[in-house]
Asker: 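Pasting in a structure now, in structure tokens, and then I'll have a few things to ask.
Residue numbers begin at 1 in each chain, while the letters A, B, ... track the order of the sequences. Remember, predicted model here, so these are calculated numbers, not experimental data.
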Amino acid sequence: MNARFSTTGGMTGILPRLAPEGSGGGGASSRPPVVEMRHIRKQFGPVVANDNVNLTLREGEVHALLGENGAGKTTLMSILSGMYQPDGGEILLDGQPVRIGSPAEALSRGIGAVYQHFTLVPNMSVIENVALGAGSNVVLDMDAAERDLQAQLGEFGLNVSPRSKVSDLSIGQRQRVEIVKVLSRGTRVLLLDEPTSVLTPVEVEGLLDLIRQLKARGVAVVIVTHKLDEALAVSDRVTVLRGGRKVAELGPDQIAAGTRADAKRRVVEAMFGGGAGAGEAAVPEGGGHAAGPVLLALHEVRADGNLGAEAVRGITLELRAGEIFGIAGVDGNGQKELGEVIAGQRHVRSGSVSLDGKEITNSGVAKASALGIGYVTDERLHEGCVQSATVADNSVLKAIRRAPFSNGWWLNRKAIDAHARALIQQFDVRTPGPDVRIGLLSGGNIQKLLMARELAGNPRVLVCNKPTHGLDLKTARFVAETLRRHADAGNAVLLISSELDEIFDISDRIGVMYNGDLAAVFPRGAADAETIGQIMLAGRAGAEARA
Amino acid sequence: MNAAFVTAMLSAALVAAVPLLLASLGEATAEKAGLLNLGIEGMMLSGCFFGFLAAYQTGSSTIGVLAGVLAGLLLGLLFGFLSISLQVDQTLVGIAITILGAGVTAFLYRDIFGRQNPSAGVDAHLVNIPLVESIPVIGPAISGKPLLFYIAWLLVPAFAFMLNRTRFGLNVRAVGEYPFAADAAGVSVYRTRYAAIMIGGAMAGLAGAFLAVIDLQLFQVGMTVGLGFIGLAIAMVGGWNPWRIAITAIMFGLLRSLGNGLQILGVDVRTEFITMLPYIGIMVALVLLAGRTALPSALGVPYARGRR
């Protein structure tokens with residue numbers, strides 16, 4: 001291992017030490033790049049995820065990997081971190097060709113990854129998570145490890161006890177624990193997969209600072225992201241992938257502040273092929289649409305969460321035809337449960353839910369769906385689709401009992417196939433065909449299909465939980481436009497999201513959920529991000545106290 | 001109810017608890033690692049038979065016990081190969097191994113011993129503990145037991161230490177909760193799970209060997225009569241915590257030995273009813289615990305890296 005990054009192993013010396021001579025920028029060094037990926041190819045079944053991709057990482061340099069959904073960013077990173085084996089191409093480390101057979105091997109070579117789905121065991125403590133897989137001592141000395149870790153957590157502005165359970169930490173805290181964990185293993189190439197997608201705006205700033213701090217220490221950082229502004233704010237170099245291929249690379253001089261607008265334009269062009277003008281102000285405006293009759297009414301609804309505690313605490317809400325009602329809130333404040341209540345898949349303990357004036361409280365999913373309530377879950381993979389079934393089968397999952405897809409006994413394969421093809425075309429789902437297992441598609445394409453599936457039923461009320469989470473700009477905008485159109489056609493949409501931008505873009509009214517309660521509701525025009533952000537974090541009382 | 005009765009009951013209960021305890025400690029380790037070992041019954045029965053066979057042939061209880069452990073361990077390895085390497089559904093593998101164990105031992109026993117039912121007749125290495133011996137009531141129930149009896153109870157702190165304070169234990173818990181995290185941290189999910197199921201198998205074999213070689217010194221076809229499954233339930237009721245498993249095992253030991261106790265007291269109850277008690281007990285325990293056990297998140301879920 002490179003002597004300039006001497007770590008003392010184990011728990012001590014958690015950070016790579018600052019390189020003595022000039023680091024950062026990294027342009028003039030004559031030494032080989034830390035990592036060189038050459039002509040990487042990877043295929044999942046018939047889906048080509050990476051095709052002849054080159055990527056070069058230098059020490060002290062932040063490299064942004066951009067691309068729309070299914071462009072192959074995560075696959076490329078998974079190959080570097082040893083999760084996947086490439087089908088072709090080679091990886092050079094410090095100029096030497098290597099084979100990275102497993103995540104363990106990647107870690108031992110100084111390549112550490114922080115995934116979108118954190119790799120912390122929720123039921124274990126911070127210290128146990130950091131100790132996991134590190135070192136070789138048979139008996140764990142938790143007290144010594146705790147002393148060491150405490151200091152290093154502080155260094156990253158993490159004010160948590162090493163003994164606290166990971167499940168008790170906030171998402172932002174978990175991410176930092178994850179980064180500390182990876183760095184404690186002597187990492188000099190840090191891969192961050194969509195690191196900002198789960199964070200609040202303040203936490204994002206903190207993360208960008210942290211990245212700059214790491215860069216100064218000589219760590220090579222890769223950020224995989226959809227968010228152009230964040231990427232450009234912190235990166236020295238940008239690589240754009242599209243359809244599994246590398247379509248552009250911008251160096252430090254092209255990203256420099258003076259030319260940032262230009263760089264942005266070039267990246268957007270590369271990502272989307274010049275069409276669509278994805279950088280500009282988004283989506284048709286909401287506001288002023290909501291004048292229709294009440295479609296869905298909730299009265300004093302209470303429901304328990306999965307763990308038994310009350311998650312929805314007496315919510316009263318009316319959704320009118322033609323409106324999009326945005327529900328903002330930090331994850332875990334009962335929004336998900338609220339969505340499930342409306343979809344009929346969560347038991348209501350008290351209160352009532354009615355559609356078009358008819359009470360439908362606790363009448364179940366099938367009934368709710370038949371009456372015209374659509375629901376797109378935020379858990380695409382586990383709840384939204386059957387991963388091992390084909391795209392075609394998934395596209396009719398909710399309508400399988402109805403004509404023309406079946407007559408009650410036999411399936412009509414032709415009708416199912418035609419329906420799936422229509423949805424694929426209409427929503428631009430990138431798949432080799434309707435007969436492919438849906439699990440092989442990227443997250444964004446699965447989301448598009450789920451959206452298409454619900455909309456095909458033309459629901460009176462559509463509940464979407466985080467419909468654009470993890471989607472690239474263009475797809476996200478497509479989804480937003482589709483929702484808007486659906487509402488304009490006289491239906492109602494409940495849009496649940498933790499991303500304020502998404503909510504502000506298309507909602508007519510905005511409600512904030514805090515601690516199971518609808519803490520505040522604003523007409524779109526009267527809402528401002530700061531107030532809503534405060535209510536999201538502290539509830540109505542907390543926000544007023546601060547104001 | 002007098003002191004002699006209490007002593008007799010306690011003594012019988014502690015001995016009757018040992019096979020349950022051993023099987024349960026092993027099962028807890030396997031389940032912590034995410035493997036639901038329904039083959040435990042077959043592994044235990046194989047431990048009985050091969051332990052008995054080796055003890056009978058060599059006249060050594062030690063060799064018998066080791067043979068029982070080896071039999072369980074090999075079946076554990078088989079379970080691991082099928083469920084970890086080949087990713088066959090754990091429930092199927094477990095049931096297959098339980099049926100395999102019952103069939104193979106019954107066949108071999110009849111093939112080798114015909115209609116005879118010999119006793120192993122081996123030295124169980126009874127140990128008298130000088131000071132403990134003289135404690136009134138409790139002393140005689142604890143002292144004078146086979147060496148393996150004491151080893152079994154010492155395995156309780158040993159397993160508690162292994163699961164909570166060692167790197168291996170940390171790895172086991174991690175691969176059972178969130179294998180993806182363990183893999184990303186450089187812990188081999190496959191190796192850890194193999195190790196855990198081999199411990200589970202070996203302990204089930206040891207439990208069987210205690211029963212057939214040390215305690216009863218004989219083999220009967222199907223002699224475990226569901227004790228393995230009770231051990232599996234004890235692991236869950238005890239929350240995979242060795243100390244709580246020990247207490248639960250003693251309670252079930254009491255139920256198992258209640259027949260003798262009632263006979264001493266002169267209560268007239270059908271023996272069939274008495275032998276049913278442990279099974280009723282497990283139903284009651286599971287009902288009381290329903291919904292309150294937090295299963296390891298990845299229990300029963302195979303792990304394949306890079307699967308999409």
Asker: So Leu140(A) and Thr166(B), do their side chains get closer than 4.5 Å, heavy atoms only?
Answerer: no

Asker: Is Ser78(A) in contact with chain B via its backbone, its side chain, both, or neither, using a 4.5 Å heavy-atom distance?
Answerer: neither

Asker: Would you confirm whether Arg185(A), through its side chain, and Ala185(B), through its main-chain N or O, come within 3.5 Å as a donor-acceptor pair?
Answerer: yes

Asker: Please determine whether the number of non-hydrogen atoms from other residues, nucleotides or ligands lying under 6.0 Å from atom CZ of Phe161(B) exceeds 12.
Answerer: yes

Asker: Kindly indicate whether the side chain of Leu170(B), heavy atoms from C-beta on, has any atom under 4.5 Å from the side chain of Met124(A).
Answerer: yes

Asker: How close do Val121(A) and Ala181(B) get, counting heavy atoms only, and between which atoms?
Answerer: CG2-CB, 3.9 Å

Asker: Report, in residue-number order, which members of residues 195-206 of chain B are under 4.5 Å from chain A by heavy-atom distance.
Answerer: none

Asker: Donor-acceptor pair, Arg167(B) side chain versus Ala131(A) backbone, under 3.5 Å?
Answerer: yes

Asker: With a 4.5 Å heavy-atom cut-off, do Phe180(B) and Thr119(A) have their side chains touching?
Answerer: yes

Asker: State, to 0.1 Å, how close Gly186(B) and Ala104(A) come at their nearest heavy-atom pair, and which atoms those are.
Answerer: CA-CB, 3.4 Å

Asker: Between Asn137(A) and chain B, which part of the residue has a heavy atom less than 4.5 Å away: side chain, backbone, both or neither?
Answerer: both

Asker: Can you say whether Leu120(A) sits under 4.5 Å from chain B via the side chain, the backbone, both, or neither, judging by heavy atoms?
Answerer: backbone

Asker: Does Arg349(A) have more than 12 heavy atoms from other residues, nucleotides or ligands lying within 6.0 Å of its CZ?
Answerer: yes

Asker: Only counting residues at least two apart or in another chain, list the ones meeting side-chain contact (heavy atoms from CB on, under 4.5 Å) with Asp168(A).
Answerer: Lys165(A)

